Amino acid sequence: MAETAQPCVLQEPRLVVRKFQARPQGEGKGAVVRRSIGRFELKYFDPFLVLDEFSVTAPAGFPDHPHRGFETVTYMLEGAVKHEDFEGHKGTIMAGDLQWMTAGKGIVHSEMPVGGQGTAKGLQLWINLSSNDKMIEPRYQELQSKDIARAAGNGVEVRVIAGESMGARSPVFTRTPTMYLDFTMKPSAYLRQPIPTSWNAFAYVLEGEAAFGSEKAAPVGPHNLLLLGGGDGVEVWNRSPAKPVRFVLVAGEPLGEPVVQLGPFVMNTEEEIDRTIDDFQFCVNGFEKAKWWRSESTVETQG
């Protein structure tokens, strides 16, 4: 990992315009998530539909379920999750690994924790797709932890899930332009990170405390979502003399299109949602293989 200097001075640093804590709620089959985007306080933050910090221990999990019209980004923090879908794609997402799934016109999959690996913890982000991309063929981009780009300098380390930071660039292609950065700051460290001025941006704290936007701001701790206002970047201070802080910084280009969501289906109109329900029910237009497919975990449970 190369040591890299911090970027240049920002002309208009972004300030925190809204903050709230994500509280636990049930999801899937016995799983617990802390949902920050996608709940009643914040239904949608264009182009982001959902942000979940999940915690799940076998036999709980997220059994067979469909998606259409957006992407899911699964970033594992601890443990491991087994993924399967009706196209025959399967694998295990380990701690530090990334799966960037474009559901497009339709996918049915399961996400279940691997037994014997302890509690599976991670983040799942749903990113909306433009009307032009909602019905594309499904695809995956997957990176093992060792292959994720990273850089370090001046007490700051970054893992670049998407976009670019401190001279390191992710190979992930973002159909909806997106930046996704995992920062760890040592005690007393300071960070400046540029963000395109037209993009929406937020931070989510995982560990420790940090001040965002202003050096005099009160430090913010774990499970807090911070929406950032306009500007060309963000400044962050870890004022603790002893504890590091870890957070993700995410930004994306707004689509500016109508959003109609029904659970795992996200389209632009009510008519498209009605058509999606019919497609899934009758196993057509992208859901053909859903008629017969069941994940291995579902078969084992039913057997």
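Treat the numbers as computed from the prediction; the structure is a model and nothing was measured. No hydrogens, no waters, no symmetry mates; every other heavy atom, side chains included, goes into these values.
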Discussion item. Taking side chain to side chain contact (heavy atoms under 4.5 Å, CB included) as the definition, give me every residue that meets it alongside Glu87, ordered by chain and number, with sequence neighbours left out.
Written reply: Asp85, Ile107, Lys289
Practice prompt. Return the orientation label for the Trp293 and Phe86 ring planes: parallel under 30°, perpendicular over 60°, tilted otherwise.
Written response: perpendicular
Discussion item. Using side-chain heavy atoms (C-beta onward) and a distance below 4.5 Å, is Val81 in contact with Met76?
Written reply: yes
Worksheet item: Do you reckon Val248 sits in the same ILVMFWY cluster as Val158, going by side-chain contacts under 4.5 Å, direct or chained?
Response: no
Worksheet item: Should the ring pair His67 and His65 be called parallel, tilted or perpendicular, given that the plane angle runs from 0 to 90° and is split at 30 and 60?
Response: perpendicular
Practice prompt. Tell me yes or no: between the side chains of Gln193 and Ser165, is some donor less than 3.5 Å from an acceptor?
Written response: yes
Practice prompt. Compute whether any side-chain donor of one residue and acceptor of the other, for Thr119 and Thr57, lie under 3.5 angstrom apart.
Written response: yes
Worksheet item: Is there side-chain contact between Gln144 and Met94, with at least one heavy-atom pair below 4.5 Å?
Response: no
Response to the item:
Rounding to 0.5 Å, atoms CG (Leu191) and OG1 (Thr184) come to a distance of 11.0 Å
Discussion item. I'd like to know if Val16 and Phe45 are part of one continuous hydrophobic network [Ile/Leu/Val/Met/Phe/Trp/Tyr, side-chain heavy atoms within less than 4.5 Å].
Written reply: no
Worksheet item: Would you say the side-chain atoms of Asn268 and Ser131 include a donor-acceptor pair closer than 3.5 Å?
Response: no
Discussion item. Looking only at side-chain N and O atoms, does Ser297 offer a donor or acceptor that is under 3.5 Å from a partner on Ser295?
Written reply: yes
Worksheet item: Passes side chain to side chain contact (heavy atoms under 4.5 Å, CB included), Arg14 versus Phe212? Steps please.
Response: CA-CA 9 Å; Arg14 294 180 181 231; Phe212 293 80; over 6 Å; no
Practice prompt. Quick one: pull up CG in Asn285 and CZ in Phe280 and give me the separation to the nearest 0.5 Å.
Written response: 13.5 Å
Worksheet, complete the sentence: Minimal heavy-atom distance between Pro24 and Val32, with the atoms involved, is CB-CG1, 3.8 Å
Practice prompt. Output, in order, the C-alpha distance, side-chain angles, deciding distance and verdict of ring pair (Phe, Tyr, Trp, His ring centres under 6.0 Å) for Phe265 and Phe70.
Written response: CA-CA 8 Å; Phe265 305 135; Phe70 60 97; 8.8 Å; no
Worksheet item: Would a distance-only check, ignoring hydrogens and angles, find a side-chain to backbone donor-acceptor pair under 3.5 Å from Thr178 to Thr174?
Response: no
Practice prompt. Calculate, to the nearest 0.5 Å, the distance between atoms CD1 and CG belonging to Ile161 and Leu125 respectively.
Written response: 11.0 Å
Practice prompt. May I have all residue pairs that pass salt bridge (charged side-chain N to carboxylate O under 4.0 Å, His left out) and include part of residues 239-266, sequence neighbours excluded?
Written response: Asp182-Arg246
Worksheet entry | From CD (Gln124) to CZ (Phe62), nearest 0.5 Å | 7.0 Å
Determine all donor-acceptor pairs shorter than 3.5 Å in which one atom belongs to a side chain in residues 224-232; sequence neighbours excluded.
residue	atom	partner	partner atom	Å
Asn224	ND2	Gly221	O	3.1
Asn224	ND2	Pro222	O	3.4
Asp232	OD1	Glu12	N	2.9
Asp232	OD2	Gln11	N	2.9

Item to complete: Identify which one of Leu98, Asp97, Ile93 satisfies the side-chain contact (heavy atoms from CB on, under 4.5 Å) criterion when paired with Ser145.
Response: Asp97
Item to complete: Grab the two heavy atoms, one from Ala31 and one from Ala60, that are nearest each other, plus how far apart they are.
Response: N-CB, 4.0 Å
Worksheet item: Honestly curious: do Trp199 and Phe202 fall in one hydrophobic cluster under the side-chain, below-4.5 Å linking rule?
Response: no
Response to the item:
For Lys29 and Pro63, the nearest pair of non-hydrogen atoms, with its separation, is CB-CD, 3.8 Å
Discussion item. Under a 4.0 Å threshold between the charged nitrogen and the carboxylate oxygen, would Lys105 count as salt-bridged to Asp279?
Written reply: no
Item to complete: Would you please test Ile37 and Leu49 for side chain to side chain contact (heavy atoms under 4.5 Å, CB included) and show each step?
Response: CA-CA 6 Å; Ile37 300 174; Leu49 297 154; 5.9 Å; no
Worksheet item: Looking just at side-chain N and O atoms, do Thr102 and Arg139 make a donor-acceptor pair shorter than 3.5 Å?
Response: no
Worksheet item: Going through the checks in order, is the side chain to side chain contact (heavy atoms under 4.5 Å, CB included) test met by Leu206 and Phe247?
Response: CA-CA 5 Å; Leu206 296 170; Phe247 64 92; 5.8 Å; no
Practice prompt. State, without any angle test, whether Trp126 and Glu71 hold a side-chain donor-acceptor pair at a distance under 3.5 Å.
Written response: no
Worksheet item: Are more than 12 heavy atoms from other residues, nucleotides or ligands located less than 6.0 Å from atom CD of Gln25?
Response: yes
Worksheet item: Using a distance-only test with no angle check, is there a side-chain donor-acceptor pair under 3.5 angstrom linking Gln99 and Tyr140?
Response: no
Discussion item. Working note: Phe287 + Phe282, criterion ring pair (Phe, Tyr, Trp, His ring centres under 6.0 Å); need CA distance, chi angles, decisive distance, verdict.
Written reply: CA-CA 8 Å; Phe287 290 111; Phe282 295 106; over 10 Å; no
Worksheet item: What are the two closest heavy atoms between Gly256 and Asp46, and how far apart are they?
Response: N-OD2, 2.9 Å
Response to the item:
Of all heavy-atom pairs linking Ser130 and Thr176, the shortest is N-OG1, 4.4 Å
Item to complete: For Leu10 and Pro194, work out which heavy atoms get closest and say how close.
Response: CD2-CA, 4.1 Å
Discussion item. So, using ring pair (Phe, Tyr, Trp, His ring centres under 6.0 Å) as the criterion, who are the partners of Phe54 when residues are at least two apart?
Written reply: none
Discussion item. Quick test of your reading of the model: are Glu157 and Lys186 salt-bridged, counting only N-O distances below 4.0 Å?
Written reply: no
Item to complete: Can you run down the salt bridge (charged side-chain N to carboxylate O under 4.0 Å, His left out) pairs that involve residues 199-215, sequence neighbours left out, and say none if there aren't any?
Response: none
Practice prompt. Would you indicate whether the side-chain heavy atoms of Tyr75 and Leu77 approach each other to under 4.5 Å?
Written response: yes
Practice prompt. Group every Ile, Leu, Val, Met, Phe, Trp and Tyr by side-chain heavy-atom contacts under 4.5 Å, then state whether Leu181 and Phe173 land in the same group.
Written response: no
Worksheet item: Is there a donor-acceptor contact under 3.5 Å linking the side chains of Tyr44 and Asn128?
Response: yes
Worksheet entry | Side-chain heavy atoms of Thr92 within contact of Val114, under 4.5 Å | yes
Item to complete: Please round to the nearest 0.5 Å and tell me the distance separating atom CG of Asp274 and atom CD1 of Ile277.
Response: 5.5 Å
Discussion item. Whether the Gln117 and Glu78 side chains hold a donor-acceptor pair (N or O, under 3.5 Å, no angle test) is what I'd like checked.
Written reply: no
Worksheet item: Are Glu27 and Arg35 ion-paired here, with the side-chain N under 4.0 Å from a carboxylate O?
Response: yes
Worksheet item: What do the steps show when you test Arg34 against Tyr204 for side chain to side chain contact (heavy atoms under 4.5 Å, CB included), and what is the final call?
Response: CA-CA 11 Å; Arg34 289 179 178 268; Tyr204 186 82; 4.0 Å; yes
Worksheet entry | Non-neighbouring partners of Glu164 that pass salt bridge (Lys or Arg N to Asp or Glu O under 4.0 Å), sequence neighbours left out | Arg169
Worksheet item: Going from CG on Asp147 to OG on Ser170, what distance comes out if it is rounded to the nearest 0.5 angstrom?
Response: 11.0 Å
Worksheet item: Out of His109, His83, Glu84, Glu296, which one pairs with Lys90 under the side-chain hydrogen bond (donor to acceptor under 3.5 Å, both in side chains) rule?
Response: Glu296
Worksheet item: Transitively linked via ILVMFWY side-chain contacts under 4.5 Å: Val156 with Val234?
Response: yes
